[in-house]
Number of protein chains: 2
Amino acid sequence: MSITIKDVARQAGVSIATVSRIVNGQKGYGEKTKERVLKTIEELGYTPNAIARGLVGRETKSIGVLLPKLSGLFASKLLEGMEETARNEGYSLFVCHTDSKEDRAIQDLQVLKEKQVDGIIYASDQLSESQGQMLNSMVCPAVFVSTQSLTHPFPYVKVDDYQAACTGTRYLIEKGHKQIAFIGGSLEDPIAGKPRDEGFRRTMKDHHLKVEESLTAYGDFRFQSGKESFKNILKAEKPFTAVFAVSDEMAAGVLSAAYEQGISVPDDISVLGYDNTMAAEMAIPPLTTMAQPLEEMGQKAVELILSLRENKENINKNEIVKHRLIERKSVLERSKTKGLFL
Amino acid sequence: MSITIKDVARQAGVSIATVSRIVNGQKGYGEKTKERVLKTIEELGYTPNAIARGLVGRETKSIGVLLPKLSGLFASKLLEGMEETARNEGYSLFVCHTDSKEDRAIQDLQVLKEKQVDGIIYASDQLSESQGQMLNSMVCPAVFVSTQSLTHPFPYVKVDDYQAACTGTRYLIEKGHKQIAFIGGSLEDPIAGKPRDEGFRRTMKDHHLKVEESLTAYGDFRFQSGKESFKNILKAEKPFTAVFAVSDEMAAGVLSAAYEQGISVPDDISVLGYDNTMAAEMAIPPLTTMAQPLEEMGQKAVELILSLRENKENINKNEIVKHRLIERKSVLERSKTKGLFL
DNA sequence: CTGTTAGCGCTTTCAT
DNA sequence: ATGAAAGCGCTAACAG
């Protein structure tokens, strides 16, 4: 079949142990043998077999990544950050698309376990009980990115969603907006849904502003749900001047629905997004948005995995990364926006 | 360490061979032994080691995927199609982000070789000479998706870019447009760049229409380049009523630039995209676009790999998938659009 | 039906 | 400095 360490050894007239040492940059051989071996490796076109290496023991140099959804700007930006760091550290990524399905995720975890991955990154979804158990039964470390588990204490890297929602809301308020519509994620979602809703409500309250319930709606972070949510909000015919959608895709959805209804953003209403994916950049108008540093989060997640493998203890396990407001064109001061149903 | 087939065998009082047979659903054991073994597997929480399996010989059940860019709707849609099919067939995907860098791709190929992947999918980029050599030296099959190599005869699955560009152009012409701007990919790119340009020009010519060179520009398929290309086209101040951009991202770029200049799409000009990614759906207005069936292509690519592994011969190696025009809101009939610089 | 055994390609003691 | 040999966990003959 393929050419192995044995072939090299025979050809170079040394033992496989020596070849192994040379390939792995250890010590215990003369300069001349080294050269000779290197030369035959070159000649034969030898490539070490990572599977065999993995079997011997230590590590497979691969990390499994579970994403609820692959297509979409959010996941891909995260993934890009992970890939970059992983590659630099000599790791490869197995990517799995769970589609937010319990059974798929379980299956993925099973496969990753069989494939002996060195770590697992669980991205941006809620963890079910049985998934948590599987994760616990894994020999490799697991970290969460852009999510966390309240019941299973795995390390995570994410922004503080509550605070980020506060910041976003406050920004709108400081721009003079008082009647603000809100499109959140599911309140059932204790990680990305509920806290953002709480941040919004809390900040409104702190500023003695009322949140009009018919001006709130809850979607699934995706474009279509943003579009529909906004249409529902419109139906209420309550006055408002700004809308805060907690994902750029949903914000793009309100832009789209607004366009269909002949509502101008930002002249009639302002809209604030969340994530800072390319959707925000490409939107018309470009979205002012609450940025999550997705690539950085991806990077941190694999770094966390790596340090977990060596250190096991004493590293700061959780990592809260900073959110940041990116100003583009979709939010205007209250005084400059006409508002709806006033 | 972890619990192995040996532990199961000892615990169940059988040989490892029997356990192996049972686990792999082969035959050669009594019903009672089977039950007993299955029970101890359950008790011990045994998980087969895929690495060891891989070493023994046959296959690793993993496929390597090389993408020039992970973030972006194009790649992620393709990836989603591949993942779905791969998972159904029991395969996992190693994804690599080449960033269109020669050396990164080489490195990726090297790693994938070491990891003994069962196949390689090379997506949507040009193949350099040395990459081609590496690919040839691999023991596993390789297929191209949404691209191909003129110099290295690997199987591919893609749309006929020339024909698709013809179809798109013809669509515009049938809508009555005669002065059409064109934003292509690099003419240096013999796969996705040149053929679309040729399709455009050929169709114009067939309809006795002149292509005004200052109304053509060439980008890199991405948003920014679409935006800049369109600005350049505007500088020419030549009359036109429609623009054909050969990627949705670039089309979104023209939408964005148009918006900045106060040009209305589709009232002033029509714009036609290419790909049918979510960017087309989210755009304002939603883009009429030349669709590539990306998920289907991803699916076909892994199916191709799989059949290549068994059959080796006699299967139709290349696969041209059908393009299709998706009508949304960005193209209007000539008579209904004002045009620019007329 | 079931067990024994020989590897798969490599790393790693332990000798020399 | 170098080699021999023992596995890593599993599959696949080959014997019974």
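A, B, ... follow the sequence lines: proteins, then strands. Residue 1 opens every chain. Side-chain atoms are counted along with the backbone in the values below, which use heavy atoms only and exclude waters and symmetry mates.
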Between atom [atom1] in [X] and atom [atom2] in [N], what is the gap in whole Å?
X      : N      : atom1 : atom2 : value
B:K61  : D:dT11 : NZ    : P     : 12 Å
B:K6   : D:dT11 : NZ    : P     : 14 Å
A:I41  : C:dG9  : CD1   : C1'   : 14 Å
A:E59  : C:dT12 : CD    : P     : 10 Å
B:K113 : C:dG9  : NZ    : C1'   : 15 Å
B:L55  : C:dC8  : CG    : C1'   : 4 Å
A:Q116 : D:dG9  : CD    : P     : 9 Å
B:I51  : D:dC10 : CD1   : P     : 11 Å

Give a yes/no on whether any side-chain N or O of [X] is located under 4.0 angstrom from OP1 or OP2 of [N].
X     : N      : answer
A:R53 : C:dT11 : yes
A:T4  : C:dG9  : no
B:T18 : C:dT2  : no

Residues in contact with DNA chain D, drawn from residues 19-37 of chain B - heavy-atom cutoff 4.0 Å: B:S20, B:R21, B:N24, B:Q26

Whether B:Y122 and B:F144 hold their rings parallel, tilted or perpendicular, with breakpoints at 30° and 60°: tilted

When you get a sec, tell me which of [options] is the closest nucleotide to the side chain of [X]?
X     : options                : result
A:V14 : D:dG3, D:dT11, C:dG9   : D:dG3
A:V56 : D:dC8, D:dG9, C:dT4    : D:dC8
B:A52 : D:dC10, D:dA13, C:dC8  : D:dC10
B:A17 : D:dA13, D:dC10, C:dC10 : D:dA13

Derivation of the salt bridge (Lys or Arg N to Asp or Glu O under 4.0 Å) call for B:R36 and B:E31: CA-CA 9 Å; B:R36 184 154 32 95; B:E31 188 59 29; over 6 Å; no

Considering all heavy atoms, the nearest A:A9-A:S15 contact: CB-C, 3.8 Å

Sugar-phosphate, base or nothing in reach of B:I16, heavy atoms under 4.0 Å: base

N-O pairing of B:K101 and B:D99 below 4.0 Å: yes

